[in-house]
There are 2 protein chains.
Amino acid sequence: MTDELRDRGLRLTPQRELVLAAVRELGHANPEEIAEVVRLKHPGINLSTVYRNLETLENVGLVIHSHLGHGGATYHAAEDINHLHLVCGKCGSVGEASIETAAQFVNVIADDYSFKTDVTHFAIHGTCSRCLETL
Amino acid sequence: MTDELRDRGLRLTPQRELVLAAVRELGHANPEEIAEVVRLKHPGINLSTVYRNLETLENVGLVIHSHLGHGGATYHAAEDINHLHLVCGKCGSVGEASIETAAQFVNVIADDYSFKTDVTHFAIHGTCSRCLETL
DNA sequence: GAGTAGTTGCAATTCGTTCGCAAGTGGCTT
DNA sequence: AAGCCACTTGCGAACGAATTGCAACTACTC
């Protein structure tokens with residue numbers, strides 16, 4: 001990460017390092033959860049620092065956010081974005097699906113609407129298998 | 001709408017009527033925009049009344065919300081939900097696509113993950129044709 | 001090792017949304 | 001036609017998530 005940052009005149013601070021480490025460790029997490037993990041090693045970190053670092057890490061391309069539900073964003077390490085999210089509207093569970101399942105869909109949208117789809121950014125909303133059973 | 005409401009012991013108030021009318025008129029709109037339209041005919045309406053009516057109209061099935069972007073929900077008349085949304089991450093434009101384009105995708109997700117997809121609830125994120133050209 | 005520009009912590013602020021409560025009013029009942 | 005009661009409204013306060021201004025701090029360049 002040193003290069004990505006320094007090339008842009010940005011700095012490698014302990015806080016920034018810990019935020020990235022937390023994102024990588026957690027898989028998908030919101031800023032609050034990330035702050036909690038960071039605080040284990042750096043208790044004094046401020047929430048706004050977490051927000052600001054997530055933003056810069058995203059600009060640099062080390063981190064990506066996606067929207068899984070009504071609330072805020074959740075963050076992923078850039079190298080982990082190889083799945084799409086299936087969010088159950090009933091129980092709120094978040095499943096994952098292979099990106100390939102959407103390949104054909106992405107192609108159709110590209111052909112018919114000249115729209116280049118990023119399937120990972122928004123979750124796929126619906127009802128999970130467990131909730132379908134208990135209807 | 002009278003029946004949908006009264007059958008549940010709910011009332012048909014002028015405010016409620018105007019909120020529904022505004023949703024139908026606007027196509028997709030957020031609560032703030034809906035309030036603006038309602039205020040043309042009923043200047044005193046309170047924002048929280050709009051929120052509450054959107055919620056009850058949704059419970060009754062006359063209105064549906066979906067998430068098009070980072071911020072809050074946008075509301076549609078229930079009878080208009082026959083398209084999915086293509087939101088451009090660069091320019092913010094919101095396009096529409098036929099639901100059929102997703103039919104195969106929905107089937108694959110159902111078969112592979114036993115997950116029943118509601119494609120209209122979350123937008124499809126990506127880059128629109130115009131922004132693709134100007135890269 | 002010193003200087004500078006990027007960064008942090010803090011507190012205050014914003015935005016969108018929800019809440020509690022008292023006053024108001026639809027609509028069933030008589 | 002009038003009354004009653006539960007549903008609604010408007011208002012202000014409160015809320016959570018995210019953002020901002022600013023002074024103190026510090027990573028990095030030379």
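Quick note on labels: first sequence line is chain A, next is B, and so on, each numbered from 1. Just so you know, these numbers come straight off a predicted model, no measurement behind them.
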Practice problem: Determine whether the aromatic ring centres of H67(A) and H67(B) lie less than 6.0 Å apart. | Solution: no
Exercise. Find out whether H83(B) and T120(B) are in side-chain contact, i.e. whether some heavy atom of one side chain is under 4.5 Å from a heavy atom of the other.
Key: no
Practice problem: May I have the distance from D3(A) (atom CG) to dC28(D) (atom P), rounded to whole angstrom? | Solution: 12 Å
Quiz item: Which comes earlier along DNA chain C counting from the 5' end, the contact point of E32(B) or that of R11(B), where each point is its nearest nucleotide?
Solution: E32(B)
Quiz prompt | Output field: ring centroids H76(B)/H85(B) closer than 6.0 Å | solution = yes
Practice problem: Look at the side chain of N46(A) and decide which nucleotide, out of dG27(C), dG10(D), dC10(C), has an atom nearest to it. | Solution: dC10(C)
Quiz item: Rounded to whole angstroms, how far apart are CG on L57(A) and P on dT7(C)?
Solution: 10 Å
Practice problem: Using atom CE of M1(B) as one end and atom P of dG26(C) as the other, report the distance to the nearest whole Å. | Solution: 13 Å
Exercise. Let me know the distance between NE2 of H65(B) and P of dT17(C), rounded to the nearest Å.
Key: 10 Å
Exercise. Round to a whole Å and report the spacing from CD1 of I45(B) to P of dC11(D).
Key: 11 Å
Quiz item: With a 3.5 Å cut-off and no angle check, do the side chains of H65(B) and E58(B) form a donor-acceptor pair?
Solution: yes
Practice problem: Check the distance between dA17(D)'s P and E55(A)'s CD and give it to me in whole angstrom. | Solution: 18 Å
Quiz prompt | Pairwise distance NE2(H28(B)) to OG(S66(B)) - rounded to 0.5 angstrom | solution = 7.5 Å
Quiz item: Between R52(B) and dT9(D), is there a side-chain N or O to OP1/OP2 distance below 4.0 Å?
Solution: no
Quiz item: Quick one: is dG9(C) close enough that its OP1 or OP2 comes under 4.0 Å of any side-chain N or O from H42(A)?
Solution: yes
Exercise. Give a yes/no on whether any side-chain N or O of T13(A) is located under 4.0 angstrom from OP1 or OP2 of dT7(C).
Key: no
Quiz prompt | P14(B) or Y51(B), whichever maps to the more 5' nucleotide of DNA chain C | solution = Y51(B)
Quiz item: When you check the phosphate oxygens OP1 and OP2 of dT26(D), does a side-chain N or O of Q15(A) lie under 4.0 Å from one of them?
Solution: no
Self-check item: R39(A) CZ - dT8(C) P separation (whole Å)
Solution: 14 Å
Quiz item: Between atom CD in E17(B) and atom C1' in dT9(D), what is the gap in whole Å?
Solution: 16 Å
Practice problem: Could you work out which one of dG9(C), dT8(D), dG10(D) sits closest to the side chain of R16(B)? | Solution: dT8(D)
Quiz item: So does T49(A) get a side-chain nitrogen or oxygen closer than 4.0 Å to the phosphate oxygens (OP1/OP2) of dG9(C)?
Solution: yes
Quiz item: What's the shortest heavy-atom distance between V87(A) and F115(B), and which atoms?
Solution: O-CZ, 3.4 Å
Practice problem: Could you tell me which non-hydrogen atom of S98(B) sits nearest to which non-hydrogen atom of E100(B), and how far apart they are? | Solution: OG-OE1, 2.7 Å
Exercise. Could you tell me the separation between the CD atom of E25(B) and the CG atom of L18(B), rounded to the nearest 0.5 Å?
Key: 10.5 Å
Practice problem: Quick one: label L47(A) by what it contacts on the DNA or RNA (base, sugar-phosphate, nothing), any heavy atom closer than 4.0 Å. | Solution: nothing
Quiz item: Nearest of dC7(D), dC28(D), dG27(C) to any side-chain atom of L10(B)?
Solution: dC7(D)
Quiz item: Touch check for N53(B), heavy atoms < 4.0 angstrom, all strands: base, sugar-phosphate only, or nothing?
Solution: sugar-phosphate
Self-check item: Bend angle of the helix from dG1(C)-dC30(D) to dC15(C)-dG16(D), from helix axes over five pairs at each end, nearest 10°
Solution: 30°
